[in-house]
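For reference, the structure discussed in these notes is given below.
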Amino acid sequence: MKIVVLGGDGYCGWATALYLSGRGQTVAIVDNLIRRQWDRDLGVETLTPIRTLAERVAVWNRSAANPIEVFEGDVTDYGFLSSMFREFRPEALVHFAEQRSAPYSMIDREHAVFTQSNNVLGTLNVLFAIKEFQPECHLVKLGTMGEYGTPNIDIEEGYIEIEHNGRKDTLPFPKQPGSFYHLTKVHDSHNISFACRIWGLRATDLNQGVVYGTVTDETARDEAFVNRFDYDEIFGTVLNRFCVQAAVGFPLTVYGKGGQTRGYLDIRDTVRCVELACLNPAAKGECRVYNQFTEQFSVLDLAHLVQAAGRKLGIEVAVQHLPDPRVEAEQHYYNAKHAKLADLGLQPHLLSESLLDSLMNIAVRYRDRIDQSLFLPRVNWRQPVNRRQPKEEMATAGAAK
Ligand SMILES: NC(=O)c1ccc[n+]([C@@H]2O[C@H](COP(=O)([O-])OP(=O)(O)OC[C@H]3O[C@@H](n4cnc5c(N)ncnc54)[C@H](O)[C@@H]3O)[C@@H](O)[C@H]2O)c1
């Protein structure tokens, strides 16, 4: 199968591109490398020393049956996207290429506007390109479980049957996103579903939980393939940050009460879920939604798991509760369905089995690269920075782009 991975230089995209290539698919990576630029702009760095895209792909291609092709460019540039489609002719398109940090989108007006234009317009271009050049191509789009928010009822997989005033219908599950970033995913979902309805495109919207872990069978093959491990307050996820904090004996920074519960999955399950979606494409005109996570944890659950893992390594770790910089429920009901990928054959890796090997050990191994000044939250949902600068002076990603 010819599969293009948009965002293939990123955390999920890199692991996915290698996995699919290793499983015999013909893979192309599309990326404009802007994530590396955002890191530089914000003064943050992945814990693991990742190589340039050119270097890591060159090393992979030395031993790959089908070399990975690279198209460097911006998904919001329709001319670029069109030429990629004409040249590569993908049968499946996996779309990871978005600005994916909630705090980044909440920094100020410029970052919110940039996030929304990058993500929403990029996906809109993808839909038009599929329609124009490859209408049979199956879109596998990464959404997020954060689209649903935390309703006081069970979360279904995309759709819910509703009875209202004596009539019944199956409708999209209500969305209550918690940041301008999460809102982009909701807008994307609507655009994708609309394009399937009017043009007969085929799409799978993967509402992914928080991904953890950095090691997959492929990335472990050579130091050149090492994947990202983000722990800073903007791009880092809570579990990564806790592991890195534990590695240097810094008290784990729990926001508020720590009852915020979400779905989580191992990076090895992300790549498998994407493969399962590609191998079992949606029908023409169908917009499927799968909830892509394997286990639920509250922030406090994670803190306690990391404390216990630290103890096994001889590290004592304290927990500190900080005022929650986000506007979110700190304690709530949460029960999200996640059966459809398991029905297709997903066999989950559990956090209890990988916390030491894929997280804590990595944090300890790269301890010298840890920058403790990146731990504490500075972005506040209630008080976005009001820059009021003239456009030409903005040193933001939007301006850099
Ligand atoms: N990492 C997670 O825990 C997680 C959880 C749920 C959903 N997701 C979704 O999965 C996707 C990938 O996440 P990630 O963690 O790998 O992010 P990432 O930031 O590591 O990777 C995203 C990649 O996309 C590229 N990109 C962004 N905008 C682009 C554009 N306009 N044109 C071309 N390339 C562009 C970036 O350069 C980067 O390499 C995102 O859409 C994210 O919302 C991730």
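Values reported hereafter were calculated over all heavy atoms of this structure, with side chains retained and with hydrogens, waters and symmetry mates removed. Just follow the structure's listing: the first ligand is 1, and inside any ligand the first atom is 1. One is the number of the first residue; the rest follow in order along the sequence.
Checking only distances, Q99 never comes within under 3.5 Å of ligand 1, N or O to N or O. Residue T76 has no nitrogen or oxygen atom sitting less than 3.5 Å from a nitrogen or oxygen atom of ligand 1, judged on distance alone. Taking distance alone, with nitrogen or oxygen atoms compared against 3.5 Å, R100 approaches ligand 1 more closely than that limit.
Every atom of ligand 1 with a heavy atom of Y181 under 4.0 Å away is listed here by number and element: 42 (C), 43 (O). Shown in contact with G73 at under 4.0 Å from a heavy atom are these atoms of ligand 1, numbered in order with element: 32 (N), 33 (C). For ligand 1, the atoms lying closer than 4.0 Å to a non-hydrogen atom of V210 are 3 (O). Listed by number with element, the atoms of ligand 1 under 4.0 angstrom from any heavy atom of N118 are 28 (N), 30 (C), 31 (N). Atoms of ligand 1 lying under 4.0 Å from at least one heavy atom of R35, given by number and element, are 18 (P), 19 (O), 20 (O), 36 (C), 37 (O), 38 (C), 39 (O). Atoms of ligand 1 found under 4.0 Å from any heavy atom of G143, numbered from 1 in the order shown, are 7 (C). Remark: ligand 1 atoms within the under-4.0 Å shell around heavy atoms of L33 are 37 (O). Residue V75 approaches ligand 1 through these ligand atoms, each under 4.0 Å from one of its heavy atoms: 30 (C), 31 (N), 32 (N), 33 (C).
Ligand 1 does not have S101 within reach: every non-hydrogen atom of the residue lies 4.0 Å or more from it. Using a non-hydrogen distance threshold of 4.0 Å, G146 does not register as a contact of ligand 1.
Residue contacts with ligand 1 for K185 involve side-chain atoms from C-beta outward but no N, CA, C or O (heavy atoms, distance under 4.0 Å). Neither the backbone nor the side chain of F80 has a heavy atom within less than 4.0 Å of ligand 1.
For the pair R326/M106, no side-chain contact is recorded, criterion being any heavy-atom separation below 4.5 Å from C-beta on. For the pair M84/L81, a side-chain contact is recorded, criterion being any heavy-atom separation below 4.5 Å from C-beta on.
Using modelled atom types, one side-chain atom of S189 and one backbone atom of K185 make a donor-acceptor pair closer than 3.5 Å.
When the options D9, N32, V211, T46 are ranked by their closest heavy atom to atom 29 (C) of ligand 1, first place goes to N32. Nearest-heavy-atom check against atom 10 (O) of ligand 1 across L142, T144, T184 picks out L142. When the options G8, A97, G13 are ranked by their closest heavy atom to atom 24 (O) of ligand 1, first place goes to A97.
Ring centroids of F173 and Y148 are separated by less than 6.0 Å, placing the two rings close together.
For CZ of F194, the number of neighbouring non-hydrogen atoms (other residues, nucleotides, ligands) closer than 6.0 Å is 12 at most. In this structure, Q383 places its CD atom where only 12 or fewer heavy-atom neighbours from other residues, nucleotides or ligands lie under 6.0 Å away.
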As a quick check of understanding, evaluate ring pair (Phe, Tyr, Trp, His ring centres under 6.0 Å) for W14 and Y19, giving each step before the final call.
CA-CA 9 Å; W14 175 241; Y19 178 76; over 10 Å; no

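Side chains of Q208 and T270: a donor-acceptor N/O pair is present below 3.5 angstrom, by distance only. Side chains of T123 and H95: a donor on one and an acceptor on the other come within 3.5 Å.
For T26, the side-chain hydrogen bond (donor to acceptor under 3.5 Å, both in side chains) criterion is met by no residue, not counting sequence neighbours.
Sorted by first then second residue, the side chain to side chain donor-acceptor pair (under 3.5 Å) pairs that include residues 250-261, not counting sequence neighbours, are Q245-T253, Q260-D324, Q260-E328.
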